[in-house]
Each structure stands twice: as structure tokens, then as C-alpha cells.
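When a ligand or atom number is given, it counts from 1 through the structure's own listing order. As the structure is a computational prediction, the values presented were derived from the model and not from experiment.
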Amino acid sequence: MAIASVNPATGRTIKTYDEMTPEQAAAAVAQAHAAWRTWRKTPFGSRAALMKKAAAILRERKDQLAKLMALEMGKPLKQGIAEAEKCAWVCEYYAANAEAQLAPEEVRTDAAKSYVAFEPLGVVLAVMPWNFPLWQVYRFAAPALMAGNAGVLKHASNVPGCALAIEEMFAQAGFPQGAFRTLLIGSRHVQAVIEHPLVRAVTLTGSTPAGESVAAQAGAVVKKTVLELGGSDPYVVLEDADLDAAAETCVASRLINSGQSCIAAKRFIVVERVRAAFTEKFVTRMKARKVGDPLADGTDVGPLARRDLRDGLHEQVRASLDRGAKLLLGGEVPSGDGAYYPPTVLANVTAGMPAYDDELFGPVAAIIAASDEQDAVRIANDTIFGLGAAVFTQDAARGERVARELEAGTTFVNGAVASDPRLPFGGIKKSGYGRELGSFGIREFVNVKTVFVKQAARAVAKPVAE
Ligand code: NAP
């Protein structure tokens, strides 16, 4: 079967690629394992030099990479450039910090010497989504490779060009041949790769159903998984918030990547006293964002990545309206071949509607009324997900207290949830488990090895009085 790049702005196929056979995928795993046998012994300084080169290549090629993302999945150019730069940052961050983060930790026991060492596991399989085609991969690959692992990537089927570009950039940086391989395979062939004896662990970023399936397959063969899954991030707006600043941040977070971010703001939980005023400011700003060709200057919102995803999102909007939500903006599928969907605002959203219960992966905002702070926290936590959350208030201490009440892996006060190479990132509940980034991320795919050295027999036998 062929894997195709289809431009979501036009519906036209850009290029098709032959899918790898299961034998070719297995050979790529074996090649990655062979590379790992020397890579694992390569000193940190040499690994870091290559990782810095990988960063330099990303910076050099950022315009070309942004264009590739725009063509394959519709990301507006300026956002693609920022994504390539962030990938360079994560490479530089781990080049600078991996050695210290993985330095052996001495533990005082009755041994002559005892310590914990962090050793690479081998080949790690990464199953990745299309929404940040570079960032999702680099935030896995930079720490995994710096820790001395090798990587094989099964990228989303609609971004094969990005997948191959990443493999090529690691090779160009000088990583050992095969240390990072792209497997052009469909999801039905993932299980065989998980079961390959030389694959030691699996990380998946994607939807919750995909995570459940991959984790079950990996569990059956006792392989560790890290899961970065979906979210329905609540943004709580309290009555003492700066409403203009809150509305600005909320709109930016809802529309980042045309609404297709796991940590995009999805549910806006607004305390009744300021609900009308916030809603007006929010809708005005949603309306002002420019929808259009991702390759054009000034575009804020491009097409969604695929037509089927756009149609699924529209179904969620329709079902929410059928169950009593009120349409304040958007909600109509535009004519034409592109997978466009307009910024949309739903009010009067309540439990039992897709806009309340499920993840809306596109530019659709759900406004939910709360009677007070306590009610807002209850609604925010009334979800199967737990990825990010934010709270808006002019009282920083109150914001921090509410942030600690929110069930999420990352909470922000007066700001949009964002990932940062220096801080751990991940979810709880159906948003997954394990962490990427920071010092926690680099320790996910290592053998936490205890080394216990007893006094040598000869030394012990040495006479005490001499
Ligand atoms: P998806 O459909 O789950 O696909 C993600 C990846 O998993 C793709 O490579 C896909 O391959 C593969 N896949 C899907 N089903 C599979 C299965 N049963 N077995 C093995 N592999 C499978 O997700 P998406 O539509 O690309 O991405 C959107 C989702 O990702 C959203 O839910 C979003 O919230 C989540 N996400 C989470 C994070 C995070 O950090 N928590 C970050 C970004 C995105 P094919 O393309 O070949 O189907």
C-alpha cells in the first residue's frame, strides 16, 4: 500500500511513497540496534557535538521545513518556522544537560561503593502524530539519543515527507548510520515492530484509542511505554481576572496550530459574574483571526490536517448543538476542496455534549458557565483527560492555589499551557503517563541500574594493626 502526502489546503496529492514491507521494517530495527551497540559507548561530549549539529541543521532549514509542514498538514508558515526553532532548542538543551542529568548517583550503604547508573535501553520505537510533525519527534529523539539509545520512528501516515526529512537530518548531522530510522509503515504494522525482540521500549503521542491499543500490545510482550495522549484542557476564568488579557490568551491557545494541539485550550470555564463580558471579548477576538492559505503571510488559521478530521469535528459541533449548545460564531463547513473549518464558539455547553465530554481537535471553543471558583474547579476536573489546565485571576496566590486543585500534568496561571524543554511534560488519567522533556524525560528510556561494590576479599583480609 502507498503512503500519500495530500495537501489539506487543496485536497491534491503531493507525492506517494511505497510503504515498507514488514521485512524492511524489521531490517531497519536490526540496523538501529547495530548502531546502538557503538552509540551506547560513545562519550557524552561526542553525542552532544552531533546533537548541536542536528540543531544547526534545523535552524538552517527552518524555512524549507515550515513549507513542508504547510504543504503536508496545513500549518501556517510562521508557526512552522517557530516549530523548527523549538526543535533546535530541545537538541541544544539536551546536548548541554544530558550528561549531568544522567550522572551516576551515589547512595551511601554498607557497601564500599554503591550508586545508581542510568544506562541506555537500546532501540526505542516512537509512534508519532502529524500535528507538530517535527516537535513531537525531536522532543522524543533528542533525549533518547543523548541517553545513548537508538530510535525508530513510525510517523503519522499523512506526513511521510516530514518523517523522511527528520531521518535525513540526523544522518546529515553525522549520527551513526541507522541510529535513527524512519519506518514508512501504516498503523496495522506497528504491532510487529513492538514485538521485534530488538525493540526495547515504545513511546506514543497520539489519540487515547491509539495509546490504549499500543500500550496493550507492548504490555503483552513486557515492554515499557510512555503515552502522550489527548486532552480537553480547561481554562478557568475567575471573576477577578483581567478579562482582556485572559480573552487574548484563551483565543491564542484555542487557535494555535489551527486548533490541533493536545494542549490547546478547549473548555473555557467562566465564573457567572464575568461570563457575558468575557464571552463578548472572546468572540470578538476569535472572529478577527485570519483563516486562509497556510503558505500566505498573515494567516493565523490554516486548513485542518485532513478532510476526515474536519468532518469529524463538524459532527461533534452538530451533536453539541442538537443537545442544546448555542452557536455564537462559525459552525459552517465552507465550500471548496480544502479541509477548512472556521473559528467556532459554542456557549451553554453542558455535560453530555461532545464539546464538554470529548476532545475537540480544531478551532472550536466551548464556553461553560460556573457559579463560583469551587464549581469551576469541579467542572474543570469533570473530564477523562488530564493534560494541561490554566487559571486566570489577578490574585497570584489564589491562582496558584487553584492551579494545585486542577487535575492535570501541567498547570499555568495567567498564561497559555506550553511545553518547554526544561520542564517535564505529560498527562494523567486518559491523557497518558510518563513524562517527556526536562530531567524526567531523559530518564524514561534508561535502565536505572544499581551497582553495589563490596570490599574486595583481599582488602578485607588485610590485617588491621600494622
Ligand atoms: P492518532 O490517530 O492516534 O495517530 C497517532 C499515531 O498513532 C500515528 O502515527 C498513527 O498512525 C498511529 N496509530 C493510530 N492508531 C494506531 C494503532 N491502533 N496502533 C498503532 N498505531 C496507531 O492521532 P493523530 O490524529 O495523529 O493526533 C491527534 C491526537 O494526538 C489528539 O488526540 C491529540 O490530543 C494527541 N496528541 C497528544 C499530545 C501529547 O503530548 N499528549 C501531543 C500531540 C497530539 P497512522 O497515521 O498511520 O494512523
Side-chain angles (χ1 to χ4, degrees), residues 1-6 8 17 19-20 25 72-75 83 125-140 152-160 162-163 182-195 202-218 220 225-233 256-266 304-310 312-313 316 339 358-362 383-388 408-410 417-420 423-437 441:
M1 240 168 78
I3 290 184
S5 276
V6 178
Y17 301 80
E19 194 178 352
M20 278 181 166
E72 284 200 315
M73 49 68 69
K75 190 185 300 281
E83 182 169 338
L125 165 65
V127 182
M128 290 290 151
W130 46 263
N131 61 340
F132 291 90
L134 299 183
W135 171 243
Q136 305 295 1
V137 178
Y138 277 89
R139 79 178 184 188
F140 146 74
V152 289
L153 166 68
K154 181 271 179 277
H155 216 324
S157 292
N158 55 330
V159 289
C162 292
T182 283
L183 311 178
L184 281 188
I185 55 171
S187 56
R188 69 194 185 293
H189 292 309
V190 168
Q191 184 167 5
V193 181
I194 292 171
E195 289 172 355
V202 185
T203 182
L204 178 137
T205 301
S207 61
T208 297
E212 287 168 349
S213 168
V214 162
Q217 290 165 2
T225 45
V226 166
L227 300 179
E228 297 284 356
L229 309 179
S232 184
D233 286 10
I256 180 87
N257 208 33
S258 310
Q260 304 162 115
S261 167
C262 54
I263 46 165
K266 288 167 192 153
L304 299 197
R306 299 194 315 251
R307 269 184 82 120
D308 61 305
L309 297 169
R310 190 273 307 274
L313 178 69
Q316 291 176 304
D358 304 331
E359 180 180 37
L360 264 50
F361 215 57
T383 169
I384 58 170
F385 298 110
L387 195 54
T410 302
V417 176
S419 59
D420 179 320
L423 291 165
F425 181 88
I428 57 169
K429 296 156 81 177
K430 291 267 186 182
S431 293
Y433 52 72
R435 290 293 177 266
E436 293 191 293
L437 303 177

Do ligand 1 and [X] have nitrogen or oxygen atoms that lie under 3.5 Å from each other?
X	result
Ser261	no
Ser157	yes
Ile185	no
Met128	yes

Going by the order shown, which atoms of ligand 1 are within less than 4.0 Å of some heavy atom of [X]?
X	value
His155	9 (O)
Gln136	42 (C), 43 (C)
Leu387	41 (N)
Val127	6 (C), 7 (O), 9 (O), 12 (C), 21 (N)
Lys154	9 (O), 11 (O), 45 (P), 47 (O)
Ser213	18 (N)
Val190	20 (C), 21 (N)

Specify the protein heavy atom at minimum distance from [atom]: its residue, its atom name, and the distance to 0.1 Å.
atom	value
atom 13 (N) of ligand 1	Ser187 CB, 3.7 Å
atom 15 (N) of ligand 1	Ala210 CB, 3.5 Å
atom 23 (O) of ligand 1	Ser207 N, 3.4 Å
atom 36 (N) of ligand 1	Cys262 CB, 3.5 Å
atom 24 (P) of ligand 1	Trp130 NE1, 3.3 Å
atom 27 (O) of ligand 1	Pro129 CB, 3.5 Å
atom 28 (C) of ligand 1	Phe361 CE2, 3.5 Å
atom 44 (C) of ligand 1	Asn131 ND2, 3.3 Å

Checklist line | Winner among Pro160, Gly206, Ala126, Ala215 once heavy atoms are compared against atom 30 (O) of ligand 1 | finding: Gly206
Check: Just going by heavy-atom distances, which of Glu212, Glu436, Glu359 is nearest to atom 34 (O) of ligand 1?
Finding: Glu359
Margin query: For Met20 and His189: C-alpha separation, side-chain torsions, deciding distance, then whether side chain to side chain contact (heavy atoms under 4.5 Å, CB included) applies.
Written below: CA-CA 10 Å; Met20 278 181 166; His189 292 309; over 6 Å; no
Checklist line | Heavy-atom protein neighbour under 4.0 angstrom from atom 4 (O) of ligand 1 | finding: no
Next item on the list: Say whether Arg139 and ligand 1 are in contact under the criterion: heavy-atom distance to a ligand atom below 4.0 Å.
Entry: yes
Side chain to side chain, [X] and [Y], heavy atoms closer than 4.5 Å:
X	Y	answer
Asp358	Gln316	yes
Thr205	Phe140	no
Leu229	Glu212	no
Leu437	Leu423	no
Val190	Leu183	no
Lys75	Asn257	yes
Arg139	Phe132	no

Looking only at heavy atoms, which two atoms of [X] and [Y] are closest? And how far apart?
X	Y	result
Ala264	Gly259	CB-O, 4.3 Å
Thr410	Val417	CG2-CG1, 3.9 Å
Leu309	Trp130	CD1-CZ2, 3.5 Å
Val159	Met73	CG1-CG, 3.9 Å

Check: For Gln217, does its backbone N or O pair with a side-chain atom of Gln191 as donor and acceptor, under 3.5 Å?
Finding: no
Next item on the list: Report the residue from Val226, Leu227, Thr225, Leu125 that forms a side chain to side chain contact (heavy atoms under 4.5 Å, CB included) with Thr203.
Entry: Val226
Checklist line | salt_bridge(Lys430, Glu359) N-O dist < 4.0 Å | finding: no
Item checked: Within reach of ligand 1, part of Phe425 (heavy-atom separation under 4.0 Å) -> side chain
Check: What do we get for Val214 next to ligand 1 when only non-hydrogen atoms under 4.0 Å count, side chain, backbone, both or neither?
Finding: side chain
